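Just so it is clear, the structure is predicted and the values come from calculations on it, not from any experiment. First the proteins, then the strands, lettered A, B, ... as listed; each starts at 1.
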Number of protein chains: 2
Amino acid sequence: MQISSRFTIALHIFSCIDVCKKDYKITSDFLAGSINTNPVIIRKILQQLKNAGLIIVKRGTGGAEIAKPLDEISFYDVYKAVESLEDDTLFHFHENPNILCPVGKNIHFLLDKKLQNIQKAMEDEMKKYTIADLSKESKTFLS
Amino acid sequence: MQISSRFTIALHIFSCIDVCKKDYKITSDFLAGSINTNPVIIRKILQQLKNAGLIIVKRGTGGAEIAKPLDEISFYDVYKAVESLEDDTLFHFHENPNILCPVGKNIHFLLDKKLQNIQKAMEDEMKKYTIADLSKESKTFLS
DNA sequence: TCAGTTGTAACCATAATGGTTACAATAAAA
DNA sequence: TTTTATTGTAACCATTATGGTTACAACTGA
C-alpha cells in the first residue's frame, strides 16, 4: 500500500504558502486551486498540520501561515503529522502467530529489530530534507 | 497506511519451511496453522512468491519448498513479491497539480528526487537482510 | 479409483482514501 | 449591527485494499 497523497499535498501546501504569501491570502480555496482538489480535503490536512504545531490557521478572517522557521520543519515532521500509523509501526505484523509452533513463538524476536531498522532508515532519510530546501530550490528554479 | 501483513507472513513462511521441512510436509494447511490464518491466504501468498521465483509449490502431491539458496533471498525480494506498488512508487503523489500555478507546475521537480531517495533508503536497508539470517538466528535461538 | 492438495473464483466485512455537500462558528470589514 | 468570507466539522458517498471464508475443479501420487 502506498503512503497517502496527504503527504505530498502537505508538502505542496508548505511550498505554496512560502511562494505565494506575499501576493495572496492563503485560504483553503486558494490551496485547493493549486493542488487541484477540494477545499475540505485541504482543511482537514491543515488541521493535522496545525495539531502538529507546523501551521497556523486563522478562523473567520481566514489564511494559513507556517508556524516555525522553514529549516525546523523536516519531511519527517510533515509525514508524522498527516500519516498516522498504528503503534507507529510501518509494518503490519500478522496478529496471532501460533506460539505452539517454534517458528510462531519466535517470529517476533527474529523480525522486530530488522523491521525497526528498515523503518528507521526511511525516517532518517526523511529527516534530511526540510521545507527550507524546497524554498531554496523553488527560488533558484523560478529565477 | 501500513505495509500489509503479507510481508511478515511471507517471511514467516520462509522461516517455517526452513525449520520444519525435515519433519513435516509443508502444506498451506500446515503453514496456516503456524501463522494462524486461513490456508487460502497462504496459497495466495505462495503464488506471489512462486511468481517471483522464490518458492516452488507442488500441485496435487502438495508441499512448498524454497527455490533458491537462502542467502540469495533478501527481505527486499520478498517485499517486492508480495507488496505491489503502483508504478513501483512508495508515495502516492496527488494526481493533477495545477500547472497554471508556479508551485503546481514545479512540485514534481521539487519532490521526485527526494521521494525516490527516501524510498531507496528503505529498500536498501531491506536488501541487507536475507532469509539466511533468519535461518541462522533461528537455529541459535532454538539450540 | 481414491485421498490429499493446490489454484482460483466468488463472495463477505471492515477500513482507508479521496471527494462532496452542508452548515454552524468565527472574525473582520462595511 | 449586519454583511461577508472563511474555517471547522459532520455526514454522507464511491472506490479500493485487506483479510477472511466457502466451494470446487484440477492435479498427482498411492
Side-chain angles (χ1 to χ4, degrees), chain A residues 1-10 12-13 17 21 24-33 35-52 55-65 67 79 82-87 89-97, chain B residues 1-10 12-13 17 21 24-33 35-52 55-65 67 79 82-87 89-97:
Chain A
M1 195 64 199
Q2 287 180 306
I3 287 162
S4 80
S5 63
R6 290 193 300 274
F7 179 55
T8 57
I9 291 176
H12 189 141
I13 287 173
I17 297 178
K21 64 174 181 241
Y24 301 94
K25 181 165 73 165
I26 311 296
T27 66
S28 59
D29 252 72
F30 177 81
L31 291 167
I35 289 158
N36 200 17
T37 182
N38 191 287
V40 177
I41 301 287
I42 301 297
R43 283 182 226 150
K44 284 176 183 171
I45 294 174
L46 284 175
Q47 283 307 303
Q48 294 185 290
L49 297 173
K50 185 183 128 191
N51 291 338
I55 287 276
I56 295 161
V57 193
K58 290 207 191 73
R59 190 168 192 167
T61 165
E65 51 188 306
Y79 168 74
V82 299
E83 193 79 21
S84 66
L85 293 179
E86 180 100 8
D87 299 322
T89 55
L90 178 59
F91 297 96
H92 180 194
F93 214 110
H94 50 290
E95 306 288 349
N96 295 305
Chain B
M1 195 63 197
Q2 287 180 306
I3 287 163
S4 81
S5 64
R6 290 193 301 276
F7 179 56
T8 58
I9 290 177
H12 190 141
I13 287 173
I17 296 178
K21 64 175 180 242
Y24 301 94
K25 181 165 74 166
I26 311 297
T27 66
S28 59
D29 250 74
F30 177 80
L31 290 167
I35 289 157
N36 201 13
T37 181
N38 192 288
V40 177
I41 301 288
I42 301 296
R43 282 181 226 149
K44 284 177 183 169
I45 294 174
L46 284 175
Q47 284 306 303
Q48 295 184 289
L49 297 172
K50 185 183 125 190
N51 292 337
I55 286 275
I56 295 162
V57 194
K58 290 206 192 72
R59 191 166 190 168
T61 166
E65 50 189 305
Y79 168 75
V82 299
E83 194 79 23
S84 66
L85 294 178
E86 181 101 7
D87 299 320
T89 55
L90 179 60
F91 297 96
H92 181 195
F93 214 110
H94 49 291
E95 307 289 349
N96 296 303

**Q.** Test log, rule salt bridge (charged side-chain N to carboxylate O under 4.0 Å, His left out), inputs A/Glu65 and A/Lys21
**A.** CA-CA 8 Å; A/Glu65 51 188 306; A/Lys21 64 174 181 241; over 6 Å; no
- Would you call B/Ser4 and A/His92 a side-chain contact if the rule is heavy atoms closer than 4.5 Å?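 They are not in side-chain contact.
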### Query
How about B/Pro97 and A/Asn36: do any of their side-chain heavy atoms sit closer than 4.5 Å?
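Answer no - side chains too far apart.
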Take the protein atom [atom1] of [X] and the nucleotide atom [atom2] of [N], then report the distance between them rounded to whole Å.
X       : N      : atom1 : atom2 : result
B/Leu49 : C/dG7  : CG    : P     : 12 Å
B/Lys50 : C/dG7  : NZ    : C1'   : 8 Å
A/Arg59 : C/dA24 : CZ    : P     : 12 Å
B/Ile45 : C/dT6  : CD1   : P     : 14 Å
A/His92 : C/dA15 : NE2   : P     : 12 Å
A/Lys58 : C/dA28 : NZ    : C1'   : 12 Å
A/Ile3  : C/dA16 : CD1   : P     : 16 Å
A/Ile35 : C/dG18 : CD1   : P     : 13 Å

**Message:** Quick check on DNA chain D: between B/Asn36 and B/Gly60, whose nearest nucleotide comes earlier from the 5' end?
**Reply:**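 It is B/Asn36 whose nearest nucleotide is closer to the 5' end.
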Between the side chains of B/His94 and A/Thr8, is a donor N or O closer than 3.5 angstrom to an acceptor N or O?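 The answer is yes; a qualifying pair exists.
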Can a side chain N or O of [X] be found less than 4.0 Å away from OP1 or OP2 on [N]?
X       : N      : result
A/Ser5  : C/dG18 : yes
B/Lys25 : C/dT5  : yes
B/Thr61 : C/dT5  : no

- Query: Can you name the nearest heavy-atom pair linking A/Ile3 to A/Tyr79, along with the distance?
  - Reply: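 Reported closest heavy-atom pair: CD1-CE1, 4.0 Å.
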task: List the atom of B/Gln2, the atom of A/Phe91, and the distance in Å for their closest heavy-atom pair.
output: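 Nearest heavy atoms, B/Gln2 then A/Phe91: NE2-O, 3.7 Å.
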Could you tell me which residues satisfy side chain to side chain contact (heavy atoms under 4.5 Å, CB included) with B/Thr37, sequence neighbours excluded, listed by chain and number?
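Listed in chain order: B/Ile35, B/Ile41, B/Ile42.
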* To do: Assign each of A/Arg43 and A/Ile9 to its nearest nucleotide of DNA chain C by heavy atoms, then name whichever residue's nucleotide is nearer the 5' end.
  =>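 Checking each residue's closest nucleotide, the 5'-ward one belongs to A/Ile9.
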Discussion item. At a heavy-atom distance below 4.0 Å, which nucleotide of DNA chain D is the first touched by chain A, and which is the last?
Written reply: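 Going 5' to 3' along DNA chain D, contacts run D/dA5 to D/dG19.
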Q.
Over all strands shown, is A/Gly62 touching base, sugar-phosphate only, or nothing at heavy-atom distances under 4.0 angstrom?
A.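 Since only primed, P, OP1 and OP2 atoms lie under 4.0 Å of A/Gly62, the category is sugar-phosphate.
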### Query
Touch check for A/Val40, heavy atoms < 4.0 angstrom, all strands: base, sugar-phosphate only, or nothing?
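Counting heavy atoms under 4.0 Å across all strands, the contact made by A/Val40 includes a base.
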